[in-house]
Amino acid sequence: MRFARNPNNRSGDYLEGMLSDYVGGKAKVKATKTGCTWLVTALTCLQLAFAVYATILLYYMSPSVELRTKPEFTWATRIARNMKQFIIPPHVHGRYQEAASLITAEIFSPITPSQVCEHERIDFVQKKSSDVQMIKLKRELYDEILDFQSKTIGTETLSELMAMKSQWDMRGPNRPKVTVLLNHFKRKTLCSQLDSLLQQSLPFHQVWVFSFGSPNEHSLKRIVESYNDSRISFISSSHDFKYYGRFQMALQTEADLVYIVDDDMIPGKKMLQILSHVAGTEKYKNSVLGSIGRILPFRQKDFTFPSYRKFRSKEAGLYLPDPAYDITVQKIVQVDFLSSSWFLSAELVKALFIETPSTFMTGEDLHLSYQLQKYRNAGSFVLPVDLTDKETWGDSEHRLAYVSETTVIFKDIVQVRDDQWWRALSTGYVTQWAAMYPQKIDALFYAHSVDEVKALAPLLEKFRSSVGKKAYIVVSGGNFCPCEDAAAALNWPKSVCKERRFKIFDLQVGALSGASNSEVPVLQSVYSSLKGLIKIHNPSVIITVTDIDPNVKKALKMASETNVNGTALVLLPRSSVSKVLWMADLRSTALQNWNRMRISVNIITQSRAPSLTRLLKSLSDAYYTGDEIPVSFNMDSKVDEATIKLVDSFEWLHGPKTLRRRIIQGGLIRAVSESWYPTSDDDFGLLLEDDIEVSPYYYLWIKYALLAYHYDPQVSLPELSSISLYTPRLVEVVKERPRWNPTEFFNRIHPNTPYLHQLPCSWGAVFFPKHWREFYVYMNMRFTEDAKANPVQIPKSRTNGWQASWKKFLIDMMYLRGYVSLYPNFPNQASFSTNHMEPGAHISAKDNVVRHDKADFEVPLLMEDFRTLLPNGKLPPASKLPSLNLFNQPVSLKGLKAAGAKLGQDVLPCNNATEIVTVDHITGLPQQCSKFI
């Protein structure tokens with residue numbers, strides 16, 4: 001690369017230096033040291049004469065001298081002519097003669113711009129469309145964009161922009177330094193550009209003229225030198241650095257701002273002042289500004305995106321300004337990328353090279369805007385103009401740029417650029433279409449390897465095949481997970497990787513950042529791309545596998561947290577993916593709450609180590625959803641050694657483990673009721689006695705039910721206070737304790753419909769935080785050692801005589817206030833938990849006169865995916881759930897409340913049979929009597 005600065009003077013020293021180049025290196029004859037002065041003098045004169053003769057001889061042998069036109073001074077001339085023909089063949093002579101003449105002229109006579117400047121001929125008329133329909137469509141789209149931007153980010157006219165406060169003082173000491181970069185190849189506009197820049201109302205700091213691989217390098221250099229301005233430099237190279245070279249050079253500037261201008265742009269004389277002022281405003285300081293821009297394509301009715309060059313298409317986007325359709329820019333407009341000129345801070349130029357461009361042949365304009373938005377959150381804006389003042393125009397002769405944009409674009413270049421902008425949109429570039437039409441999808445899957453694609457495939461397919469659901473998959477691409485391999489793993493055609501349709505997004509991680517042993521490029525690439533994709537598509541959840549690369553997991557977590565509308569990161573164990581297909585049946589608004597709930601497992605144990613071992617094994621073997629699940633062991637003071645050792649050695653892989661042991665024996669009522677207390681309204685407690693065993697699907701049932709009936713904003717079921725894992729076989733609150741089969745009972749509705757029951761479950765149930773706080777206060781206010789002294793006596797309920805039972809108080813509260821529990825209902829009463837009826841505080845107790853038949857309580861565990869057994873393969877709407885009273889009789893939720901109000905034995909006396917006690921759900925304290933609906 002050659003760097004030349006215009007010489008400021010052509011003094012004798014300069015000429016002397018050049019002449020010394022001609023004689024430099026010649027061997028000088030040393031004078032012989034003798035006493036003869038006359039000999040020294042003679043030899044000196046002889047040497048001088050020979051030097052003069054040699055100079056003349058060299059001159060006549062030079063390619064610039066035509067010997068046939070010169071007078072013949074001596075015989076030496078004839079010798080020189082013969083030697084010249086021998087040394088310099090005739091076919092070479094002509095080539096160098098012109099160059100030598102130019103060099104000689106350069107040495108002996110200064111040049112001026114008028115001698116070397118050439119000007120581009122503009123002998124064509126600006127194209128104007130006569131297509132009325134297209135003019136209408138283009139204008140409509142432009143108006144829609146302006147209207148959207150005026151309402152969201154605000155748009156200003158030129159006068160309004162210039163009235164805004166700027167950090168730059170155009171006339172004072174705080175004047176910005178602006179370096180202008182001009183790149184030239186063949187076009188004859190350099191003089192026009194330099195003339196315009198020299199007349200700017202804000203003087204430039206420097207101008208760098210680039211000639212990379214240009215056949216006109218010499219003439220371009222002469223033009224620069226003809227201006228004889230030390231601020232204007234010429235930089236050339238025989239290698240063509242294409243469109244990115246000028247941006248690479250811009251990294252070297254020490255200026256505050258850079259103005260990179262194509263050779264088809266001739267800026268108006270006020271352009272530097274306008275650009276600098278706007279770039280100094282708070283609103284636009286983190287932006288790239290220009291005079292020409294493009295709005296990328298909008299999605300068509302068939303959900304595909306057209307080429308940006310598609311003819312007669314509104315969705316193909318806009319070229320701004322567009323004289324063909326009489327579209328002018330009179331208010332600042334945000335575009336997807338700028339063309340022909342870019343004005344930005346020198347610092348922002350660095351963003352262009354964060355990712356390696358897919359090609360260096362074209363597309364630097366889009367790549368710059370894409371990288372600036374992706375990594376600097378910077379926008380691209382076309383400045384408005386004053387139509388009556390060409391000095392405010394960034395392109396005072398738009399015909400040059402317009403003909404470049406509209407005619408000198410070949411088919412292969414169009415395809416490359418189409419591929420480029422689609423790749424940008426697929427990796428998180430928020431275009432104007434995306435900003436104007438934010439999408440809403442249910443799920444965005446992420447796979448960093450082909451194996452992960454295969455693991456996620458069943459759930460992805462379920463989402464995509466569910467009516468009304470939208471789900472796409474993002475793959476890392478590059479060497480990690482090539483898009484074509486991912487498509488093959490999903491049994492999709494490889495063409496999906498090229499289609500301009502949302503289905504699979506290839507991030508090309510590694511391919512764009514290059515090979516690295518550091519985790520930073522991968523984390524940065526995944527995070528920045530996912531952040532954009534989340535902003536565009538607004539997924540309710542991002543789904544991936546729990547064992548994904550830790551750095552990728554961090555990136556996904558950070559990206560999901562950027563969505564103000566709420567996107568939950570779902571980390572699924574691979575073994576659970578095919579077991580949670582019910583996710584696709586939940587509303588998006590429910591899925592967003594995936595991570596809100598915190599379900600803890602609270603085990604009550606004392607001296608049944610074999611039973612506890614069985615329970616712990618069933619818990620460890622169950623399917624989970626990647627949640628953190630704390631487990632606590634609550635032991636009474638008389639716990640045995642075997643149980644303590646078992647609890648101590650137990651390894652729980654899903655969350656923290658807590659051990660609690662009472663100092664004084666408290667009994668079962670305290671052991672259970674004090675085993676858990678909620679820390680928030682999203683804290684749910686699963687209470688398990690040690691003779692319980694759970695199904696592998698127990699946690700999935702809890703998660704599914706909570707999301708469907710508690711975390712769905714469109715569902716209102718405040719009466720739901722717990723979720724049971726167990727399906728009872730007896731009506732236990734009446735004296736006869738008759739057998740009861742819900743499958744047969746609900747056969748008319750659906751044999752396997754879940755149902756609501758006023759009876760709480762003590763053999764495996766999840767309790768809700770608000771209702772548990774309420775229960776604490778209620779039991780504290782109503783606890784009596786003598787059960788008969790309890791003021792609540794439910795008509796015909798054998799629970800009235802229960803003693804030392806925490807469940808009795810919960811039944812009373814639920815009856816009085818109309819609360820219910822959700823119960824599963826599957827063939828043969830298969831459940832998510834079972835009670836093995838082993839001797840303990842109640843079973844086989846001396847004071848327990850009720851005989852317990854194990855067959856009445858021990859139910860089979862559900863060992864298959866329960867989703868297929870549900871009505872229509874999913875949980876029914878909350879409004880379709882049947883409800884039963886305490887005695888297994890069908891009663892509406894309102895009827896349950898009416899029964900409690902009628903009894904009127906709550907902690908607050910309510911005079912009206914249409915009122916029940918309501919409480920403060922934070923403290924659980926009763927507040928007032930309220931009418932129920």
Side-chain angles (χ1 to χ4, degrees), residues 296-297 299-300 302-307 355 358 370 374 415 418-431 433-434 439-466 469-513 522 525-545 548-549 552 555-556 559-560 567 569-570 572 577 583-584:
L296 286 170
R299 191 165 65 177
Q300 302 176 123
D302 65 353
F303 296 99
T304 64
F305 289 79
S307 168
E355 290 182 8
S358 56
Y370 166 50
K374 188 173 182 178
Q415 183 61 53
D418 271 337
D419 290 344
Q420 185 187 30
W421 71 255
W422 175 249
R423 188 179 300 112
L425 182 59
S426 299
T427 52
Y429 188 32
V430 184
T431 64
W433 168 82
Q439 303 298 292
K440 178 58 187 172
I441 66 173
D442 298 277
L444 197 61
F445 289 76
Y446 182 86
H448 205 65
S449 68
V450 177
D451 284 343
E452 290 170 13
V453 174
K454 294 175 181 177
L456 294 169
L459 187 54
L460 173 63
E461 183 57 33
K462 179 63 169 66
F463 266 97
R464 292 187 61 82
S465 62
S466 297
K469 296 295 181 182
K470 286 184 181 179
Y472 309 132
I473 185 168
V474 182
V475 296
S476 56
N479 295 325
F480 297 103
C481 182
C483 184
E484 291 77 8
D485 293 351
L490 294 167
N491 294 319
W492 293 352
K494 293 183 179 181
S495 60
V496 299
C497 296
K498 301 296 183 182
E499 292 175 350
R500 289 196 291 270
R501 180 194 300 271
F502 295 141
K503 191 170 185 178
I504 185 168
F505 303 119
D506 180 1
L507 300 189
Q508 298 191 21
V509 175
L512 297 178
S513 59
V522 172
S525 180
V526 174
Y527 164 71
S528 55
S529 293
L530 260 294
K531 181 181 69 172
L533 288 173
I534 289 171
K535 189 171 183 180
I536 295 170
H537 299 285
N538 195 24
S540 294
V541 288
I542 295 176
I543 301 174
T544 190
V545 293
I548 197 168
D549 180 275
V552 175
L556 295 176
S560 66
T567 294
L569 177 61
V570 178
L572 293 175
V577 172
M583 288 181 68

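Counting heavy atoms from C-beta outward, Pro539 and Ile441 have side chains that approach closer than 4.5 Å. Two residues are said to be in side-chain contact when any heavy atoms from C-beta on lie closer than 4.5 Å; Ile548 and Leu556 meet this criterion. Contact annotation: the side chain of Trp421 approaches that of Pro297 to within less than 4.5 Å [non-hydrogen atoms, C-beta and beyond]. Considering only heavy atoms from C-beta on, Phe480 stays 4.5 Å or farther from Asp549 through its side chain. With contacts defined as side-chain heavy-atom distances shorter than 4.5 Å, the pair Lys470/Asp442 qualifies.
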Distance-only donor-acceptor pairs under 3.5 Å for side chains of residues 445-465, two or more places apart:
unit_1	atom_1	unit_2	atom_2	d
Tyr446	OH	His448	ND1	2.7
Ser449	OG	Glu452	N	3.3
Glu452	OE1	His448	N	2.6
Lys462	NZ	Ser466	OG	3.2
Lys462	NZ	Asp585	OD1	3.2
Arg464	NH1	Ala471	O	2.7
Ser465	OG	Glu461	O	2.9
Ser465	OG	Lys462	O	3.2

Please table the atom pairs, donor to acceptor, closer than 3.5 Å between any side-chain atom in residues 497-505 and protein atoms at least two apart or in another chain.
unit_1	atom_1	unit_2	atom_2	d
Arg500	NE	Phe305	O	2.9
Arg501	NH1	Asp302	O	3.1

Using atom types as modelled, flag every donor-acceptor pair under 3.5 Å from a side chain in residues 526-536 to any protein atom, sequence neighbours excluded.
unit_1	atom_1	unit_2	atom_2	d
Ser528	OG	Tyr375	OH	3.4
Ser528	OG	Gln524	O	2.8
Ser528	OG	Ser525	O	3.3
Ser529	OG	Lys374	NZ	2.8
Ser529	OG	Thr427	O	3.4
Ser529	OG	Ser525	O	3.1

Q | Step-by-step side-chain contact (heavy atoms from CB on, under 4.5 Å) determination, Thr567 to Leu444 | A | CA-CA 10 Å; Thr567 294; Leu444 197 61; over 6 Å; no
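Closest heavy-atom contact between Gln420 and Ser358: CG-OG, 4.5 Å. When all heavy atoms of His537 and Tyr472 are compared, the closest pair comes out as ND1-CE1, 3.8 Å. Of all heavy-atom pairs spanning Val496 and Ala487, the tightest one is CG2-CB, 3.9 Å.
Note that the OG atom of Ser476 and the CG atom of Asp506 stand 8.0 Å from one another [nearest 0.5 Å]. Within the model, atoms OG of Ser307 and CD of Gln415 stand 7.5 Å from one another, a figure rounded to the nearest 0.5 Å.
Counting heavy atoms of neighbouring residues, nucleotides and ligands inside a 6.0 Å radius, atom NZ of Lys440 exceeds 12 of them.
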